[in-house]
Amino acid sequence: MSVDQATVRRIARLARIRISDNEVPKLEGELNHILGWIEMLEEVDTDNVEPMTSVVDTSMRLRQDVVNDGGYPDQVTGNAPASDENFFLVPKVVE
Amino acid sequence: MSDLLKLTIAQARDGLSSGQFKAAELTEAYIEAVEAARALNAYIVETPDKAREMAAASDDRIAKGEAGALEGIPLGIKDLFATKGVHTQACSHILDQFKPAYESTVTANLWADGAVMLGKLNMDEFAMGSSNETSYYGPVKNPWRSKGSNADLVPGGSSGGSACAVAAHICAGATATDTGGSIRQPAAFTGTVGIKPTYGRVSRWGTVAFASSLDQAGPIARDVRDAAILLKSMASVDPKDTTSVDIEVPDYEAAIGKSIKGMKVGIPAEYRMDGMPDDIESLWQKGIDWLRDAGAEIVSISLPHTKYALPAYYIVAPAEASSNLARYDGVRYGLRVPGDDIVSMYENTRAEGFGTEVRRRIMIGTYVLSAGYYDAYYVKAQKVRTLIKRDFETSFADGVDAILTPATPSAAFGIADQDMKADPVKMYLNDIFTVTVNMAGLPGIAVPAGLDANGLPLGLQLIGKPFDESTLFQIGKVIEDQAGGFEAENWWS
C-alpha cells in the first residue's frame, strides 16, 4: 500500500498538523519508504493468531467509584496559554 | 575530577553513612561538574538551588539516623518525568513553559528515598529518536570520541542526556525511559549500564506518554550494582497506573555476586544479522565464553519472528503516539500559535510545536489507524507481536534463564550522520536488537563489554523472563567483572 499526495494532505488534516505545499512531495516519499519497509509483515502467517491486547498477563484492578482527587481548578488551568477565571480560553467556535 | 565524583552510588552511600563526607559536599562537587560540562549539552535545566536544599535535608536525616536507600545521592532526571514546579517538556517546543503541578511516581519514589535532583536531562523529542538529535534543545555530545579524532559522536537516544551525564560523571545515576531501546542503546554507546524493566514493573504515572503499551522507565548507571540500587527505588506498585503489576519489588542488589553456575543462557540464531561488524560478532562470542567459563550452560535457541519486530513496532508505536500526542492542541498547556479559527489554531500549533520526526510518526500513526487501514496495519502488527512474545515464551519454557545478544548493531556514530539523516529507516535500525524486548514486555539490560577498533564502547544485552530482573543483574555482573569498566577521557571540562 502506498500514499499519494492527496492522502498525505488528508492524513495531515486528520492529525491536525498544517503542512505547506512544498512539504507534501517530501512527506509522500518518506511515508511511502517507511510503509514499503513495513510491508515485510505480509510474509508472516497470522491466521488464527490473536492480536495482542496486553503484554503482561494481568487483570485490570477495580477501584471504588468515588471522587479522590480534584478541587484545584487554578492548578489545572495554571499552564494554559490563555485562561480566565479557571476556564480555558479558545477561539470562538459558535457564531 | 573531584574524588567524590569517581564514587559509585554504592560507594557514596557507604561514605555518607559512615560520615566520611557530607551530602552537601557531594552535591556541591556534582553542581560544579555539571556547570563545567555544559559543552556536552546533557542538562537542559540545572537546579542547583533545589539540589542544595535537598542535600541539606539529607544531611539532617543522616544525622538523625533516618537515611533512605538513596540518601544524598545526586541524580539527573530525563525531561520526560514530571517534576513539580520544574521545567518538564519532553524536550519539545510544544510543551513550551510547562511546569507540572505534580510529581511523577518514579521521581516521587526517588525523593522519598532521599535522592537529590541536579536538573533535567536532554533527550530526543517525546523519546522519538536514537541519537538525541530530535531534541528541541539540540544534540547531546557523547563523552566518548574515536581514538585520535575530535569529531563529535551521538550518545544514542532517546535517553542520550541520561547516558551522557552518567558516563561524564555529572550525575551519580540517571532516570531514563525505553520504548524501543531508548535506555539500552544509549547505555551501550556510552559504556554505561541501562536496564529496561518488565512492562508493569515501574509506574508510568507522571511520565510523558509516547507509546503506552511499550513505555517503561528504568535507570542508567555506572555499574550493574548501581543500576540495581536505582531500580529498587524507581519500581513500585502504583494504584495510579492500572498497568502497574502487583508484585513486590525484590532486593535486586542481593542477586549481585551470586554464582551463575548451572544457569541456562540462550543464544538466538536470528540475532546474527547479515553484515554484522566483526567487532560486534567477536564481542558476542567473548560474552558467550565468559558466561560458559562462569559455569552457565550455553544453548542455541531460535526466535523466528525477530526480524518482524521492528516493522511491527513502527506500526504500534506511531499509532499509540498519534493518539497520545493528540492532547497537545494549544489549549490546556504549552505552545499556542493563533489561527483564523480553532482548527487552524490546532494545526498551526502542532506544525510549529512538533519537530520533523515527531510529525512524521504522528502522520504514520494517523494513517495506520485511519478508516480502512486499521486491520491491515494495526491488527496485523498486534498479531505479529503475539508471535514475537510466543517465541520468547517457548525458549523460557525450555528452561532458558536468560538470553544473550549484542545491544546495538554498531558503536556510536557521528552527529549529523548523512546516511541516517537521508533515510529514517536507517536510524530506526539502531533498535533492531532491543525492540523485540519491548514488543514482548520483557526486561532487558545493556552492560558494557568492550571497545571496538576505534576505542568506542560496545554493549551486550541480556533478556530475562517477566519480572526476573534479578537474574539480569546477576549475569550482568559476571559480564562486567570479566570486561572491566570503561571510562571516557575528559575533553569537555
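Note that the coordinates shown come from a computational prediction; the quantities given were computed from them, not determined experimentally. In what follows, chains carry the letters A, B, and so on, assigned in the order in which the sequence lines appear, proteins first and then strands, with residues in each chain numbered from 1.
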For this session: Identify which part of B:Leu442 has an atom lying under 4.5 Å from any heavy atom of chain A, answering side chain, backbone, both or neither.
Result: neither
Exercise. side-chain hydrogen bond (donor to acceptor under 3.5 Å, both in side chains) between B:Lys99 and B:Thr88: does it pass, once the steps are laid out?
Worked result: CA-CA 6 Å; B:Lys99 289 190 173 67; B:Thr88 300; over 6 Å; no
Exercise. For the side chain of A:Arg18 and the backbone of B:Asn348, is there at least one donor-acceptor N/O pair under 3.5 Å apart?
Worked result: no
Problem set entry | Engaged part of A:Glu39 at the chain B interface, taking heavy atoms whose separation is under 4.5 Å | neither
For this session: Could you tell me which portion of B:Pro239 (side chain, backbone, both or neither) has an atom closer than 4.5 angstrom to a non-hydrogen atom of chain A?
Result: backbone
For this session: Pick one of side chain, backbone, both or neither for A:Val93, based on which atoms fall under 4.5 Å of a heavy atom in chain B.
Result: side chain
Exercise. Tell me, side chain or backbone of A:Leu27 under 4.5 Å from chain B's heavy atoms, or both, or neither?
Worked result: side chain
Exercise. Which heavy-atom pair separates B:Thr198 from B:Gln216 by the least distance, and what is that distance?
Worked result: O-OE1, 3.1 Å
For this session: Please check if the side chain of A:Asn32 supplies one atom and the backbone of A:Val3 the other of a donor-acceptor pair under 3.5 Å.
Result: yes
Seminar exercise, completed: Minimal heavy-atom distance between A:Phe88 and A:Val76, with the atoms involved, is CZ-O, 3.8 Å
Problem set entry | Structural part of B:Phe467 lying under 4.5 Å from a heavy atom of chain A | side chain
Problem set entry | Pick from B:Ile364, B:Ile362, B:Val245, B:Leu335 with the largest number of heavy-atom pairs that fall under 4.5 Å of chain A | B:Ile364
Exercise. So which of A:His33, A:Gln75, A:Arg10 has the largest heavy-atom pair count under 4.5 angstrom toward chain B?
Worked result: A:His33
For this session: Against chain B, label A:Glu30 side chain, backbone, both or neither, depending on which of its atoms sit under 4.5 Å from a heavy atom there.
Result: side chain
Exercise. Taking the six-membered ring for Trp, are B:Tyr377 and B:Tyr314 ring centroids under 6.0 Å apart?
Worked result: no
Problem set entry | Donor-acceptor contact present, side-chain B:Asp423 to main-chain B:Asp419, <3.5 Å | no
For this session: Check each atom of B:Thr349 against the heavy atoms of chain A and say whether the ones under 4.5 Å are side chain, backbone, both or neither.
Result: neither
Problem set entry | Residue pair A:Val55, B:Arg385: steps toward the side-chain contact (heavy atoms from CB on, under 4.5 Å) verdict | CA-CA 9 Å; A:Val55 74; B:Arg385 206 172 162 188; 3.8 Å; yes
Seminar exercise, completed: What one should report as the nearest heavy-atom pair of B:Glu347 and A:Arg13 is OE2-NH1, 2.8 Å
Seminar exercise, completed: chain A shares the most heavy-atom pairs under 4.5 Å, among B:Ala376, B:Ser344, B:Gly365, B:Ala381, with B:Ser344
Exercise. What residue in B:Val379, B:Asp329, B:Val316, B:Leu310 has the most heavy-atom pairs under 4.5 Å with chain A?
Worked result: B:Leu310
Problem set entry | Pair B:Phe98 + B:Tyr333: ring centers closer than 6.0 Å | yes
For this session: Evaluate side-chain hydrogen bond (donor to acceptor under 3.5 Å, both in side chains) for B:Asp241 paired with B:Thr243, printing each intermediate quantity in order.
Result: CA-CA 5 Å; B:Asp241 174 2; B:Thr243 61; 2.7 Å; yes
For this session: Select one option (side chain, backbone, both, neither) describing which atoms of B:Asp96 are under 4.5 Å from chain A's heavy atoms.
Result: neither
For this session: Kindly give the heavy-atom pair with the smallest separation between A:Asp74 and A:Asn86, and that separation in Å.
Result: CA-OD1, 3.4 Å
Exercise. Under a 4.5 Å heavy-atom cut-off, does chain A meet the side chain of B:Tyr373, its backbone, both or neither?
Worked result: side chain
For this session: Please flag which part of A:Ser20 lies under 4.5 Å from any non-hydrogen atom of chain B: side chain, backbone, both or neither.
Result: neither
Problem set entry | Contact winner vs chain A - B:Tyr308, B:Tyr346, B:Tyr313, heavy-atom pairs under 4.5 Å | B:Tyr308
Exercise. Under a 4.5 Å heavy-atom cut-off, does chain B meet the side chain of A:Thr77, its backbone, both or neither?
Worked result: neither
Seminar exercise, completed: When rounded to the nearest 0.5 Å, the distance separating CD of B:Glu270 from CG of B:Leu303 is 5.5 Å
Problem set entry | Region of B:Pro466 that comes under 4.5 Å of a non-hydrogen atom in chain A | neither
Problem set entry | chain B contact via A:Asp45 - side chain, backbone, both or neither, heavy atoms under 4.5 Å | backbone
Exercise. Is it the side chain or the backbone of B:Ser213 that comes within 4.5 Å of chain A heavy atoms, both, or neither?
Worked result: backbone
Seminar exercise, completed: When the 4.5 angstrom heavy-atom criterion is applied to B:Ser244 and chain A, the contacting part is both
For this session: Would you confirm whether B:Ser92, through its side chain, and B:Gln89, through its main-chain N or O, come within 3.5 Å as a donor-acceptor pair?
Result: no
For this session: Answer with side chain, backbone, both or neither: which region of B:Met345 has an atom nearer than 4.5 Å to a non-hydrogen atom of chain A?
Result: side chain
Problem set entry | B:Ala312, part contacting chain A, at a heavy-atom distance under 4.5 Å | both
